[in-house]
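Quick notes on the structure that follows.
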Amino acid sequence: MNQNLKWKAIFILIVVLICFYGLFGLPSFPTSWSQLVDNFSSRMQLGLDLRGGSHLVLQVQVQEAIGTHCDQTHDELIDQLHKQNITVGEVDRLSNTQILVKNVTPSQTGAFQSLVQDQFPDFGVGPAPGEQSGFLLTMKPTVVSDIEQRTMDQSLDTIRRRITGLGLKEPNVAPTGRGQDEILVELPGEGDPTRAKQVIQAGGQLKFQLVLDDNAYPSEAAALAAHSGVLPQDSQLLPGTSATGDQSGGQVWWLLSRAPIITGADLRDANPGPNPQQPGFYEVHFSVSTAAAKRFGPFTGSNIGHRMAVVLDNQVQSAPVINGRIDDQGEIEGNFTQDSAKDLSLILNAGALPASIKYIEERTIGPSLGADSIREGVQASIASLIAVWIFLMVYYRLSGINAVVALLLNLIILIAFMAISGATLTLPGIAGVVLTIGMGVDSNVLVFERIREELRNGKANPSAVDIGFDKAFLTIIDTHITTLVSAAFLFLFGTGPVKGFAITLTIGLLANLFTSVYVSRVIFDWHLSRMGREAELSI
Amino acid sequence: MEFFHAPNIDWMGKAKYFATLSACLLIIGGVAAFMHNGLHYGIDFKGGAMVIVRFSSAPPISQIRAALDAAGLKNNEVTSSSDISNANSKNDVMIRVEQGSEGEDALNAAKATIVSALEKNFGAPSSSNPDFNSVVTTDLANYLTRRDPLVLGTAAGDRYTQVAQALIDARDKNHGGIVADFSELSNVSGVTPAVIDALKSGYSLNRFSITESQVVGPTVGAQLRRQAILATLYALAGMLIYVAIRFEWIYGAAAVIAVFHDVLITLGFFCLFYNKFEISLTVIAALLTLVGYSMNDTIVIFDRVRENLRLMRREKLSVIINRSINQTLSRTILTSGLTFLTVFLLFVFGGQVLRSFSFAMVVGVVVGTYSSFGIAAPIVVIWNKWRGQGVTAPVASSADKRAERRLAEARR
């Protein structure tokens, strides 16, 4: 064997070894047969249609979102009434959709009504039953259904982004139920969905608020006592763990300025990273948008020495002292592990849920294609693959073996790269495999037919093989690049299953270029180097 | 072994027949689509009803699927499913079917169809009495009060409610939600043989009961649907541009037209043989595969045309194309034959769920191969004739010329 050929053979061997390592060697090197099988089944990620998974039904508390809108209107209304000097009695939020205004000064009735009509078009205004000069503001039904719709859409979107961010590929997220407020989430794989549930459920409302009293209080009562029973205007008390970051996690209370400096909406990006001060712990690095940085910079600059609280879902995560001006980068510290820091960044990046959610059902489900039909499909595929191989060996004799090796290697590389990259295999993905196999057969046939043609034209074996590969290569490159171009577009613009198809197709086609051109050529050259010049090429 | 040796067929001379054939196929498909009320979105895209059925023993999934198919509930999804917090649910089956329209009535209709389909296969109740396995406490209590098996008369009070509750509890907690025989309930507290007799004459026992039913929205929402369609169109445009750069723009256009032709004919065949065409993720995967396959086949022929254009500069384009098709015929028959064999075996033995996928592939492989010489090649010929360039059509970039020189040297 000549040197050049030897190196090529070694290169091919290395590729095959890497593939086998990717399939069987991870996460830990197998020392027993069962470990090997475990490794393989944990590397191959099968989708919902092939393996099944968890089926969760959750309910979005839509009323909360409506209530929040009512709250905001209530506060704004009081504000506006002050500003326009309209004197009224009590302003009560009666329910999620109703606000009662008592004792509007009779001479200001007109002003009051036009204020509501101009500034609060979401509410209809009418006389309040049982009140002399009171008015009842009722949220319009169109607005209510509008908020409901928006809340559902946002929840669907956020949940979808959060789950996808977890690395659970190709989940199903769909609205469900008769109440118009339920969402069905299906996660592939049999693993425990606890972590996914936590991430879905987390609120993710982030605020940065200035700490008014630099020291935390051990209890709510202590905080009230320090201010002789009345909290300062526009302030709020929120619980948190003690600032020293000790693990005991004793609860403390912080007095904060109510208005947030920046919120989660101002975040541009959040990423987990190790905490340099506390080895073994993690923190979340964030960067804020340019617009928010313009507020954040001057604010932190003029509050050096004060504490700023990082508040997540009304819980103080940490309250570090501002040591210098922060423009657009910062950290959230807390006793995070690697996973919880990762989850928090994920939640911050995906945005907050507009309302909280409740789980109402949790089931495990089998593969949606049905275990029986998958078995039949696999059997039929193996049978047809073997039929193709037998035919190739009959039709092309010894060279057919070459094609069989190339196709087999193609499949191994394809499956190994799917396993290594952690891509999920679903039925559309298998369609990509079918197309790959079809094009793999075609590449081999193209090469062999060309070699036969050259032999018919009276070429000697080596030059027939040479020209055959050269000419077929042009065609193979054109067909493969055309299909790769389409796969690239499908990957870039497609979602879920379309993307899965594109991924397997891309890996398969690249593997095919390697096996049917490079590997097959090496085998031919090796064979030619061993046979006599005048012997007939078995093709 | 060899099938074809130097065939000499005048393909372009038959372009008229090909055009007629394609037109016929398209019209037949179009009529079938129109008659059967065209293309439907499947459950993935449109949503449907989800019903959970509890069985008394391990459920035969494929039998259930066949039963639903026979009842006209095509495109169903049947999968095993169990509630994590309920140990009785280990024999649950989750069935998803399409719904004609939205709302409660449609859900109930779907439920009724499922029940009747299952009854046909898993034994209808022995009488027309209501099913004990799906009865609720109040109904059972009312029935017992009416029958009064304990002969309590007006002194019954809430006694029968207690008995009913005990029976339902026994059914759900001790028997996994499904009772196979009323005698299983004889040791429930307060139950006498008279009560069992009353149950026997008033209720039947089904092997299954519906525990839950609800409407499920589409897993592929409108936005994702739009994205999938856009992605496919972009992919087609990308292929057109690549082929246009490597060959000439008319070659790219011809290849893309052929792909459209193939997709339309495949959809037509679907409507013809399946009455309606359900657009599901499975079928979309098949169509994407077919697009790739058809494109591959067309490019192989075009590639040969490009090569022959350089070798036979004086020949008419139609002659060159004929020659190219003939030269690649052996390869075409082999590749298509083998691919056809693969998908045909999948169609026959691959199980019922994969059938719509493999059907699209079987039709697609045949049509995709045919369209390369029947549609794409004639388009190029006709276009060049129309432009008055029927004699020769130069296609060669400088890179191609270099490759050609290299090949010429290699040949020497």
Side-chain angles (χ1 to χ4, degrees), chain A residues 52 55 172 174-178 184 362-373 376-377 379-381 383-384 387-388 391 394-395 427-428 431 434-435 438-439 441-442 445-446 449 463 466-467 470-471 474-475 478-479 481-483 485-486 488-490 493-498 501 505, chain B residues 1 47 61-62 65 77-85 94 104 214-219 224 227-228 230-232 234-235 238-239 242-243 246 281-282 284-286 288-289 292-293 295-296 299-300 303 330-331 334-335 338-339 341-342 345-346 349-354 357 403 407 410-411:
Chain A
H55 168 106
N172 272 346
T176 180
R178 265 167 278 171
L184 166 71
E362 186 179 342
R363 310 178 72 92
T364 58
I365 47 167
S368 59
L369 285 180
D372 50 334
S373 49
E376 283 173 318
Q379 282 166 357
S381 309
S384 55
V388 168
F391 183 86
V394 171
Y395 195 81
L427 181 72
V434 172
L435 182 54
M439 288 181 69
V441 171
D442 193 39
V445 170
L446 276 168
E449 288 298 310
S463 66
D466 207 37
I467 299 171
D470 263 3
K471 282 190 171 175
L474 279 177
T475 313
D478 272 337
T479 55
I481 293 186
T482 312
T483 315
V485 165
S486 81
F489 279 101
L490 291 179
F493 300 104
T495 43
V498 174
F501 175 82
L505 186 58
Chain B
M1 194 163 131
I61 304 265
S62 55
R65 197 178 291 125
E77 239 175 50
V78 183
T79 153
S80 61
S81 158
S82 60
D83 192 332
I84 288 173
S85 55
M94 186 183 283
E104 194 91 349
Q214 57 178 312
V215 179
V216 183
T219 50
L224 296 186
Q227 264 177 326
L230 272 183
T232 315
Y234 287 144
M239 292 198 271
Y242 179 77
V243 177
R246 289 287 294 169
L281 289 180
T282 318
I284 289 208
L288 287 174
T289 314
Y293 184 81
M295 208 52 168
N296 178 62
I299 289 176
V300 169
D303 216 79
S330 179
R331 165 265 155 202
L334 259 178
T335 301
L338 287 177
T339 319
L341 175 77
T342 312
L345 285 178
L346 199 62
F349 301 110
Q352 189 253 328
V353 174
L354 289 177
F357 173 78
L407 282 176
R411 241 168 272 152

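All values below were derived from every heavy atom in this structure, side-chain atoms included, with hydrogens, water molecules and symmetry-related copies excluded. Residue numbers begin at 1 in each chain, while the letters A, B, ... track the order of the sequences.
- Ion pairing between B/Asp303 and B/Arg246 fails under the 4.0 Å rule for side-chain N and carboxylate O.
- Closest of all the heavy-atom pairs between B/Val215 and A/Thr176 is O-OG1, 2.9 Å.
- Contact count against chain B (heavy-atom pairs under 4.5 Å) is highest for A/Thr482 among A/Thr483, A/Thr482, A/Val445.
- Interface remark: of the candidates A/Gly366, A/Ala380, A/Ala387, A/Gly366 forms the most heavy-atom pairs closer than 4.5 Å to chain B.
- Residues forming a ring-ring contact (aromatic ring centres under 6.0 Å, His included) with B/Tyr234 (at least two apart in sequence, or on another chain): A/Phe493.
- In this structure, A/Ile365 and A/His55 approach most closely via the heavy-atom pair CG2-CB, 3.8 Å.
- In this structure, the portion of B/Tyr242 lying under 4.5 Å from any heavy atom of chain A is its side chain and not its backbone.
- Side-chain atoms of A/Ser384 never come within 3.5 Å of backbone atoms of B/Leu345 as a donor-acceptor pair (strictly under, hydrogens ignored).
- Legend: residues meeting side-chain contact (heavy atoms from CB on, under 4.5 Å) with B/Ser80, ordered by chain and number and at least two apart, are B/Ile61.
- With a 4.5 angstrom heavy-atom cutoff, A/Leu184 touches chain B only via side-chain atoms.
- Counting heavy-atom pairs closer than 4.5 Å to chain A, the top-ranked of the candidates B/Asn296, B/Val300, B/Thr342, B/Leu341 is B/Asn296.
- Among A/Gln379, A/Glu376, A/Arg363, A/Met439, the residue making the largest number of heavy-atom pairs under 4.5 Å with chain B is A/Arg363.
- Between chain B and the options A/Leu446, A/Val434, A/Val498, the largest number of non-hydrogen pairs under 4.5 Å is found for A/Leu446.
- The part of A/Val485 that comes within reach of chain B is its side chain, from C-beta onward, which places non-hydrogen atoms under 4.5 angstrom from that chain.
- Nearest heavy atom pair, residue A/Phe489 against residue B/Gly238, reads CE1-CA, 3.6 Å.
- Note: B/Leu288 leads B/Leu346, B/Leu230, B/Leu288, B/Thr339 in heavy-atom pairs under 4.5 Å with chain A.
- For a residue to count as touching a neighbouring chain, one of its non-hydrogen atoms must lie under 4.5 Å from one of that chain's; by this rule B/Met239 touches chain A with backbone and side chain alike.
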